[in-house]
Protein chains: 2
Amino acid sequence: MTTIRDVAKHAGVSVTTASYALNDTGTIGEATRKRVLDAAAELNYHPNAFARNLKKRKTHTIGVFIARFAGSFYEEILEGIHRVILDTDYELLVCPESRSTRRMLLHRQVDGAIVFDSKIADESVLNLASYHFPIVVLDRDLQNDFILPILLDNAQGVRQAFEHLYQQGLRRMSFITGAMDSFDNAERMQTFLNEAGKHNLRVPVYEGSFTEISGYEAAQVILRAAELPDAVFCANDQMAIGFLRAMHERGLHAPDDIAVVGFDDIPLSRYTQPQVSTIGTSRIEWGATAARQLIDFLEKETSFQPQRIPTRFLQRESSTLRDRS
Amino acid sequence: MTTIRDVAKHAGVSVTTASYALNDTGTIGEATRKRVLDAAAELNYHPNAFARNLKKRKTHTIGVFIARFAGSFYEEILEGIHRVILDTDYELLVCPESRSTRRMLLHRQVDGAIVFDSKIADESVLNLASYHFPIVVLDRDLQNDFILPILLDNAQGVRQAFEHLYQQGLRRMSFITGAMDSFDNAERMQTFLNEAGKHNLRVPVYEGSFTEISGYEAAQVILRAAELPDAVFCANDQMAIGFLRAMHERGLHAPDDIAVVGFDDIPLSRYTQPQVSTIGTSRIEWGATAARQLIDFLEKETSFQPQRIPTRFLQRESSTLRDRS
DNA sequence: ACATCAAGGTGAAACGTTTCACTTTCGCCT
DNA sequence: AGGCGAAAGTGAAACGTTTCACCTTGATGT
């Protein structure tokens with residue numbers, strides 16, 4: 001490991017001078033600077049990030065903490081964050097769930113964080129967030145001066161979807177939930193049940209977990225019943241797709257037998273047979289908004305501006321009854 | 001920022017003792033240890049990762065360097081890497097392309113790296129890799145004691161695909177390339193042209209860039225020609241899907257008018273109309289293999305074992321001629 | 001001829017840990 | 001009673017930077 005000391009020696013200057021030359025700070029003569037740079041190149045020198053960051057208290061890096069990579073879901077959010085980062089001179093670090101809780105350590109390796117991992121306790125977030133370590137959360141409604149929630153406006157889309165189903169005369173609706181510790185799931189469910197309540201509809205609830213297979217399994221229960229629902233709202237698209245698969249296997253057809261609606265507008269939802277009606281949002285915009293707010297806080301020290309990302313119902317085949325006349 | 005010094009003072013012990021207690025090393029009495037832990041909790045102490053890592057020369061973290069997140073492609077590789085990491089007590093950091101070349105610094109924040117970003121020059125990789133910083137590359141054929149390429153066996157799948165097309169009597173084949181700086185693209189193209197050469201077929205080559213739109217655009221050129229090809233091989237699925245879209249818009253139908261083959265077996269390829277014939281591999285296994293090799297090198301210091309990830313042709317609708325009798 | 005100043009450069013402290021080498025205490029064995 | 005060793009604890013150096021405060025030199029203005 002070559003250090004700045006080696007570079008200095010090789011260039012025949014002091015460590016201080018070498019540091020100034022390498023960072024283009026201080027007042028160093030052109031000739032000397034060049035000598036240092038050459039020495040650094042020759043020795044294949046790379047500064048030690050730890051030593052550097054220990055001294056300067058900033059890393060110019062933001063960290064994103066997610067649960068996992070699979071699921072087509074994070075991808076666009078990350079892409080949105082990344083696009084914003086590319087326009088700044090910050091670095092981006094994405095850190096998935098890891099075994100050791102030592103992950104906490106990692107927190108200090110970045111100037112600010114974006115959290116989207118329900119396994120991280122609210123308490124941890126509260127403990128860590130501070131003026132020097134602002135946190136944007138995408139998966140919980142937690143807020144103070146240093147914690148900013150950027151959430152989907154789940155209610156908006158769900159209301160539109162309910163309206164759409166109701167308008168078509170559907171009255172026997174069921175709801176398949178996602179993971180119960182998910183904020184989005186909770187809000188989707190609550191809104192849907194609320195809307196139904198306004199019309200005095202009782203909506204049976206089945207528990208899923210946001211995976212395709214859990215939608216399929218919920219379908220096994222639902223489709224075995226004596227009386228089938230005429231509409232099923234799934235808390236995300238993957239479960240809707242699982243549900244459709246189960247229907248298909250039993251010779252049932254959406255929307256004629258049961259209208260199906262999902263949530264998220266994942267790419268696949270447009271390509272299934274039938275195409276899945278769903279509730280969409282721009283996840284790229286979501287990630288970008290989060291990143292922008294965080295960077296702004298870090299840079300210009302503006303304060304956090306809570307906001308909701310709009311969602312809207314996308315009417316597709318799986319829920320659109322043919323003209324019955 | 002509370003430091004270990006504060007904790008020590010608060011617990012009435014020396015800094016050394018506090019450190020030992022917090023790390024569960026050294027010989028510290030039960031009572032003292034508890035006192036320190038309590039103090040740390042009370043002060044909401046989190047060790048400074050930089051100071052720590054500066055001293056210990058290991059971070060117990062591996063870094064993955066990719067170009068971007070979008071594309072459904074990295075997702076599974078990352079998932080594979082992540083799964084392996086979860087079984088160890090390493091941490092995982094994923095770092096996409098960023099503006100400043102300062103990213104080099106980041107390199108030193110991890111014990112080893114997995115590189116999948118053709119924007120990173122071979123030279124950089126060569127410069128950085130060392131006994132203390134092993135690198136696994138997924139996108140180039142670079143190799144020495146500290147650099148391990150884990151590559152797709154592109155040739156295998158491409159040969160099978162060519163064979164499939166040829167067997168069906170197709171002779172007027174075209175090739176649409178991906179990004180020209182991509183190793184995989186080069187290998188796919190070379191193999192395809194090679195195979196064609198063996199049968200004295202001349203294959204026109206059109207340049208794309210791995211995106212759906214570039215496949216669509218290449219199609220505009222190809223489909224405008226007087227004589228259409230009877231088969232088109234696209235260097236990845238997204239371009240194949242773009243190509244199919246263009247065909248659809250012109251009322252052409254695969255495979256009857258033109259047989260189409262992609263590469264990668266992205267989830268979508270199974271859901272399009274018609275389903276896309278493609279060449280698949282387990283990207284999860286790919287990522288997992290890379291991670292495993294890297295961790296093994298880091299841990300048990302086994303040396304690197306070069307290997308290729310197998311690929312195989314998946315025959316689907318877009319290239320399978322109906323019985324013509 | 002002398003003070004002043006800018007330009008170019010340097011020594012050493014500091015960042016927050018870990019860890020080596022050392023000290024003290026005390027119970028136990030012979 | 002003396003010696004020994006384990007257990008519990010500590011002081012200080014070290015990791016590789018950055019940066020503050022300072023020094024030297026030579027040119028400039030008066």
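Lettering follows sequence order; numbering is per chain, from 1. The model shown is predicted, which means the values in this text are computed figures rather than measured ones.
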- prompt: B/Ala51 or B/Tyr20: which one's nearest nucleotide on DNA chain D is closer to the 5' end?
  reply: B/Tyr20
query: Which part of the nucleic acid, if any, lies within contact of B/Asn53, taking any heavy atom under 4.0 Å across all strands shown: a base, the sugar-phosphate backbone alone, or nothing?
result: nothing
field: Any N/O donor-acceptor pair, A/Thr16 side-chain to C/dG11 base, under 3.5 Å
entry: yes
query: When B/Tyr74 is tested against each of B/Phe69, B/Phe65, B/Phe116 for ring pair (Phe, Tyr, Trp, His ring centres under 6.0 Å), which residue passes?
result: B/Phe116
message: Measure NZ/B/Lys9 against C1'/C/dG16 and give the value in whole Å, please.
response: 14 Å
query: So which one's nearest nucleotide on DNA chain D is more toward 5', B/Arg33 or A/Arg5?
result: B/Arg33
message: Between C1' on C/dG16 and CZ on A/Arg57, what's the gap in Å once rounded to a whole number?
response: 9 Å
query: What is the nucleic acid contact for B/Val15, judged by heavy atoms within less than 4.0 Å: base, sugar-phosphate only, or nothing?
result: base
query: Does a side-chain N-to-carboxylate-O contact under 4.0 Å join A/Glu76 and B/Arg68?
result: no
- prompt: In whole Å, what is the span from the NZ atom of A/Lys55 to the P atom of C/dA12?
  reply: 16 Å
- prompt: Hey, is the side chain of A/Thr27 pairing donor to acceptor with the base of C/dA6 inside 3.5 Å?
  reply: no
field: Presence of donor-acceptor pair under 3.5 Å, side chain of B/Thr17 and base of D/dA8
entry: no
field: Per B/Ile4 side chain, nearest of listed nucleotides C/dT10, C/dT17, D/dG16
entry: C/dT17
task: Looking at every strand, decide which applies to B/Ile28 at a 4.0 Å heavy-atom threshold: base, sugar-phosphate, or nothing.
output: sugar-phosphate
- line: Picking from D/dT19, C/dG16, C/dT10, the nucleotide nearest the side-chain atoms of A/Ser19 would be D/dT19
field: Test: B/Asp181 and B/Lys119 ion pair at under 4.0 Å
entry: no
query: What is the distance, rounded to the nearest whole Å, between atom CD of A/Gln109 and atom P of C/dG16?
result: 16 Å
message: Could you tell me how far apart A/Asn48 (CG) and D/dT18 (C1') are, to the nearest whole angstrom?
response: 13 Å
query: Rounding to a whole Å, what distance do you find between B/Lys56:NZ and C/dT18:C1'?
result: 8 Å
query: How many Å lie between CD on A/Glu30 and P on C/dG9, as a whole number?
result: 10 Å
- prompt: Do A/Arg52 and A/Asn23 meet the criterion of a side-chain donor-acceptor pair at a distance under 3.5 Å?
  reply: yes
statement: Against the side chain of B/Pro47, the closest entry in D/dT10, C/dT17, C/dG11 is C/dT17
field: d(NZ, B/Lys58; P, C/dT18) in whole Å
entry: 17 Å
field: Polar contact flag, side-chain donor to acceptor under 3.5 angstrom, A/Thr211-A/Gln238
entry: no
- request: With heavy atoms under 4.0 Å as the rule, sort A/Thr32 into base, sugar-phosphate or nothing.
  value: sugar-phosphate
